[in-house]
There are 2 protein chains.
Amino acid sequence: MSTRSEIIKIADELIREKGFNAFSFYDISKALGIKNASVHYHFPTKNDLGIAVVNEYLAKLEEMMADSADKEPTERINVYLSIYTSTKAEGRICLVGSLASDLQTVDPELKVYLKQLVDKILNWVTDILADGQARGVFAFSVVPRTKALMIITNMLASLQLTRLTDEQDFETIKQTIIKDITK
Amino acid sequence: MSTRSEIIKIADELIREKGFNAFSFYDISKALGIKNASVHYHFPTKNDLGIAVVNEYLAKLEEMMADSADKEPTERINVYLSIYTSTKAEGRICLVGSLASDLQTVDPELKVYLKQLVDKILNWVTDILADGQARGVFAFSVVPRTKALMIITNMLASLQLTRLTDEQDFETIKQTIIKDITK
DNA sequence: ATGTACCTACCAAGTAGTAGATAGACAAAT
DNA sequence: ATTTGTCTATCTACTACTTGGTAGGTACAT
């Protein structure tokens, strides 16, 4: 893997572990065994690095959506939910939740890309739900976009909250979501 | 108001606006027109200040619970939800959400108090829901504690997310919660 | 010889936190 | 009634450290 990719990977992990304002270029250089100036060579500013991380997510999400596009809604929603299961296993929170918390401290340019990421996720989940409803495998009493908002907020905050309540609560929330939409 | 109380108030606002790691003692001293050493006089360390903010919430919550204890479940859940409505109006996020995001960077002592706050909120909402269910005004198909988790995660994350989607989405989420539990 | 990816060595700014002085309020001792 | 001592809340002035970021050099592959 290229140094550039490794920097993005480590930055992503650090953002989701400590937050955007709590990691430094030194943290990354230390993890990679290079000097902080070398990190700046690949990403001149912290904002540049943040944008690269978000863009990586945009690309990965695009890929995920394409890969699961012709699958059943039930499986597609599981693909979505499983993202959080892996994140939970890491003991970290999700990128959107982390950056959304630090929103007022990040560069407006980064905000634009983050907004795109949120839109893309929201549209994806909305599509899955609408598809499931149309095929008669899902049932819910609000418009798909609203149901998507409910599910996304459940998952996003469950990662943050269940580090403070029962660790088992994450799985409870996830199963409740599945049961709730399944006809 | 005493300087001590004012420091706590400003710290709370800053934590919910920028995050625990993005505000400084200087920010507070500037806002109050005093020197940073004077802030340290009242709160020797940032950890002390963070704990004072969380304790302030514990006390306020206690008061709120007592004040609404003999009211109808419908009104009590509205009291709970209205906390987030005010926070949304401020353009800030909730304290729990902010500190939960920065969890790995704060002192273990602060974590303990934060855990107490989350427990208290979770128990409060669980009680309201169980009471409403017993009185036949609420209906839901999971145990009250799980439903409380769903609602709390919805509200917590809605503050974070709706700064990136539609501003109107916050109200949509709130109304969906009310409609969902009302029999 | 040109570009890539790293290095050494630095800087200015901001951070949490400390030492020690000062000024006023209040109470006890003279 | 005045002095003395103590407490509170502030100040000036500082320290040690970390931060994001830069200038300029080097090794190496194409």
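Quick note on labels: first sequence line is chain A, next is B, and so on, each numbered from 1.
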Less than 4.0 angstrom between a side-chain N/O of [X] and OP1 or OP2 of [N], yes or no?
X: A:Ser24; N: D:dT18; answer: no
X: B:Ser38; N: D:dC11; answer: yes
X: A:Thr3; N: C:dC6; answer: yes
X: B:His42; N: D:dT10; answer: yes

Gap between atoms [atom1] and [atom2], on [X] and [N] respectively (whole Å):
X: B:Glu6; N: D:dA9; atom1: CD; atom2: P; answer: 13 Å
X: B:Lys35; N: C:dT15; atom1: NZ; atom2: P; answer: 15 Å
X: A:Asn36; N: D:dA23; atom1: CG; atom2: P; answer: 14 Å
X: A:His40; N: C:dC11; atom1: NE2; atom2: P; answer: 16 Å
X: A:Arg4; N: C:dC6; atom1: CZ; atom2: C1'; answer: 16 Å
X: A:Phe25; N: C:dA13; atom1: CZ; atom2: P; answer: 19 Å
X: B:Ile34; N: C:dT22; atom1: CD1; atom2: P; answer: 21 Å
X: A:Lys46; N: C:dG14; atom1: NZ; atom2: C1'; answer: 13 Å

Original post:
Is there a side-chain contact between B:Gln133 and B:Pro144 (heavy atoms, below 4.5 Å)?
Top reply: yes

Original post:
Is the shortest heavy-atom distance from the side chain of B:Met150 to the side chain of A:Ile177 under 4.5 Å?
Top reply: yes

Original post:
Does NZ in A:Lys9 sit with more than 12 non-hydrogen atoms of other residues, nucleotides or ligands closer than 6.0 Å?
Top reply: no

**OP:** For A:Tyr41, report the nucleic acid contact type (base, sugar-phosphate, nothing); a contact means any heavy atom under 4.0 Å.
**Re:** base

Original post:
How is A:Phe43 classified with respect to the nucleic acid when contacts are heavy atoms under 4.0 Å: base, sugar-phosphate, or nothing?
Top reply: nothing

Original post:
CG/B:Asp127 to CZ/B:Arg76 distance, rounded to the nearest 0.5 angstrom?
Top reply: 6.5 Å

**OP:** Take the angle between the ring planes of A:Trp124 and A:Tyr80 and call it parallel below 30°, perpendicular above 60°, tilted in between.
**Re:** perpendicular

